[in-house]
Amino acid sequence: MRQFDVPLNRAIAASLVPELAYWINFASSQVVKFHIDPVGRESIRVWVPDEADSDEIGRKVRTTVDWFTAGQQGDADGHEEPRPVRVGPPRGPSTLTPDEAVTAGALTPLGMADVVIGEPLVTLIRALDDAFRELATGFDAGEAAYSTLLSVDYLERLRYFDAFPQNVLFPVHLSTDIDAAQQYVSRTLEDGGRPPRDDFAGFAPRDRVLAPAACFHVYQGLEGRRLATDTAITTLGRCYRYESRNAVLIERLWDFSMREVVFVGSPDYVRSCRDESRRRVLELAEKWQLGGSLVPGHDPFFLRGDRPDAVVDPEPKFELRLDLPYKDADFACASFNVHGTFFGSTGDIVTASGETAWTGCTAFGLERWAWAVIAQHGLDPDAWPADLRRRHKQAA
């Protein structure tokens with residue numbers, strides 16, 4: 001193992017560093033670990049195997065940085081962002097560590113991004129979803145359920161594949177052909193039960209993806225519609241994103257539960273609903289005595305690359321990042337988004353007055369919220385804040 005510094009093409013804005021750290025994990029499988037210079041932010045130190053090509057690794061790291069920062073703003077560009085807003089109590093000493101949760105049986109790791117979630121987390125996840133669904137009813141949101149599969153054609157039209165291709169997971173099945181099926185069985189038997197994988201020609205074209213977010217089906221379901229009135233829809237979905245080495249226990253999973261509240265209509269309606277939902281979520285975090293910060297988000301896929309047909313909002317995304325005291329860090333648990341006309345223009349969704357509809361959404365990662373509660377308050381529900389205790393008991 002050896003280390004060396006990769007000089008960057010320009011300094012990185014301090015506000016972008018946490019999200020850049022996520023992206024660097026997709027640069028190369030040979031980058032074992034890395035450290036972004038926290039002062040000048042003009043280089044990244046990488047640790048690689050002795051046989052790795054330094055020039056090639058450097059090229060891939062710089063390519064990743066340039067790709068992530070394309071079109072991004074931050075303090076290094078003289079752009080003044082809204083300041084983070086502190087929520088709840090100060091970050092205190094660790095209440096619970098992942099090792100302690102595993103020892104107690106609340107979590108059982110099975111492999112990379114694969115974990116058994118036990119009690120009290122299972123019931124807590126259900127209780128949290130009840131709270132967020134209750135929040136959705138305050139916006140008169142109707143509830144809908146959708147498949148976990150999404151057509152490749154739709155994501156193509158959303159230009160998702162040129163924004164976040166590294167996250168996409170494809171389901172694969174055999175072609176509808178008896179010869180292909182028999183060949184698959186024969187090769188499996190010949191290899192002692194191990195089925196053929198990448199080198200097998202009998203797989204059908206990959207025309208579906210596993211949905212990376214719960215809200216995409218909502219917009220697809222409204223395509224070509226003229227709305228009678230401003231509309232709110234809520235849904236609970238299973239979402240899938242390949243996370244590479246970013247997947248750590250329950251902090252970041254390849255598949256996870258997401259509750260979303262989607263707003264579709266006029267710009268004023270969408271903005272006001274996004275802002276009001278943010279206010280109500282911060283109230284919940286305070287009531288549940290959860291420490292964290294509200295910060296601008298820098299990764300809306302609908303702003304990456306060339307999106308000439310969309311009118312966008314100057315403040316498209318905020319994130320609520322809840323504390324993980326055991327590692328003196330935080331992670332995103334909710335997002336509050338205004339997409340402008342991106343989904344409306346892509347899907348020809350119009351308002352009652354005939355204008356292209358604006359959309360927005362408020363999204364909750366349920367496993368992350370549950371883990372934040374456990375990390376900050378411990379495994380014993382009797383020691384949790386009163387409203388969490390009540391909700392947990394009702395959901396049991």
Side-chain angles (χ1 to χ4, degrees), residues 12-22 36 38-39 41 72-98 124 127-128 131-132 135 138 246 248 250-252 258-259 261 271-300 313-338 360-378 383-389 391:
I12 302 302
S15 59
L16 299 182
V17 169
E19 290 174 51
L20 174 60
Y22 167 82
I36 303 173
V39 180
R41 303 183 301 280
Q72 299 281 13
Q73 290 182 313
D75 45 279
D77 301 315
H79 173 73
E80 186 174 345
E81 293 189 327
R83 292 182 177 274
V85 176
R86 182 67 196 175
V87 178
R91 185 180 299 161
S94 176
T95 299
L96 186 82
T97 68
L124 177 57
L128 291 168
F132 300 140
L135 181 147
N246 293 299
V248 178
I250 196 175
E251 290 180 26
R252 193 183 287 273
M258 182 182 290
R259 164 68 64 180
V261 191
R271 286 196 190 104
S272 65
C273 287
R274 190 275 299 269
D275 293 345
E276 176 62 14
S277 68
R278 181 176 60 195
R279 185 189 68 79
R280 296 183 190 183
V281 172
L282 296 184
E283 283 185 349
L284 280 177
E286 292 280 0
K287 181 184 292 187
W288 296 341
Q289 298 173 31
L290 293 173
S293 297
L294 181 71
V295 301
H298 301 101
D299 64 345
D313 193 83
E315 295 183 336
K317 181 174 184 176
F318 290 89
E319 291 181 337
L320 176 58
R321 302 185 63 88
L322 295 177
D323 292 344
L324 296 175
Y326 60 86
K327 60 192 299 184
D328 193 26
D330 57 24
F331 66 156
C333 292
S335 66
F336 311 92
N337 310 277
V338 172
C361 66
T362 293
F364 307 92
L366 298 182
E367 288 86 356
R368 289 194 184 188
W369 274 86
W371 182 238
V373 170
I374 298 298
Q376 295 190 35
H377 295 311
W384 297 350
D387 190 62
L388 278 176
R389 291 199 306 270
R391 292 180 181 277

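Please read these numbers as outputs of a predicted model, since none were measured by experiment.
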(request) State which residues pass ring pair (Phe, Tyr, Trp, His ring centres under 6.0 Å) with Phe132; sequence neighbours excluded, sorted by chain then number. (result) Phe364, Trp369
(message) The criterion is salt bridge (Lys or Arg N to Asp or Glu O under 4.0 Å); which residues satisfy it with Arg274, sequence neighbours excluded?
(response) none
(request) Return the set of residues passing side chain to side chain contact (heavy atoms under 4.5 Å, CB included) with Ala127 (not counting sequence neighbours), or none when no residue passes. (result) Arg391, Ala395
(message) A side-chain contact here means heavy atoms from C-beta on lying under 4.5 Å apart; do Ile250 and Ile374 qualify?
(response) no
(request) Nearest 0.5 Å please: distance from the CG atom of Leu135 over to the CD atom of Glu276. (result) 8.5 Å
(message) Would you say that Leu320 contacts Phe336 through its side chain, given a criterion of any heavy-atom pair below 4.5 Å between the two side chains?
(response) yes
(message) I need the minimum non-hydrogen distance between Pro18 and Ser15, along with the two atoms involved.
(response) CD-O, 3.8 Å
(request) Heavy atoms only: give me the nearest Thr362-Ser277 pair and the separation to one decimal. (result) OG1-OG, 2.6 Å
With a 3.5 Å cut-off and sequence neighbours excluded, list the donor-acceptor pairs that the side chains of residues 283-295 form with protein atoms.
residue	atom	partner	partner atom	Å
Glu283	OE2	Arg279	NH1	2.5
Glu286	OE2	Gly88	N	3.2
Trp288	NE1	Asp387	OD2	2.8

Donor-acceptor pairs are to be reported for all side-chain atoms of residues 321-328 against protein atoms at under 3.5 Å, with residues two or more places apart or in another chain.
residue	atom	partner	partner atom	Å
Arg321	NE	Asp330	OD1	2.9
Arg321	NH1	Glu319	OE1	3.4
Arg321	NH2	Asp330	O	3.3
Arg321	NH2	Asp330	OD1	3.3
Asp323	OD1	Arg86	NH1	3.4
Asp323	OD1	Arg91	NE	3.4
Asp323	OD1	Arg91	NH2	3.2
Asp323	OD2	Arg86	NH1	3.4
Asp323	OD2	Arg86	NH2	2.5
Tyr326	OH	Glu251	OE2	2.5
Tyr326	OH	Trp371	NE1	2.9
Lys327	NZ	Glu251	OE1	3.1
Asp328	OD1	Arg91	NH1	3.0

(request) Enter the distance from Arg41:CZ to Ile36:CD1 here, rounded to the nearest 0.5 Å. (result) 10.5 Å
(request) Looking only at non-hydrogen atoms, find the nearest pair between Thr97 and Ser94 and report the distance. (result) CG2-OG, 3.7 Å
(request) Please name all residues satisfying side chain to side chain contact (heavy atoms under 4.5 Å, CB included) with Cys273, sequence neighbours left out, ordered by chain then number. (result) Phe139, Phe263, Tyr269
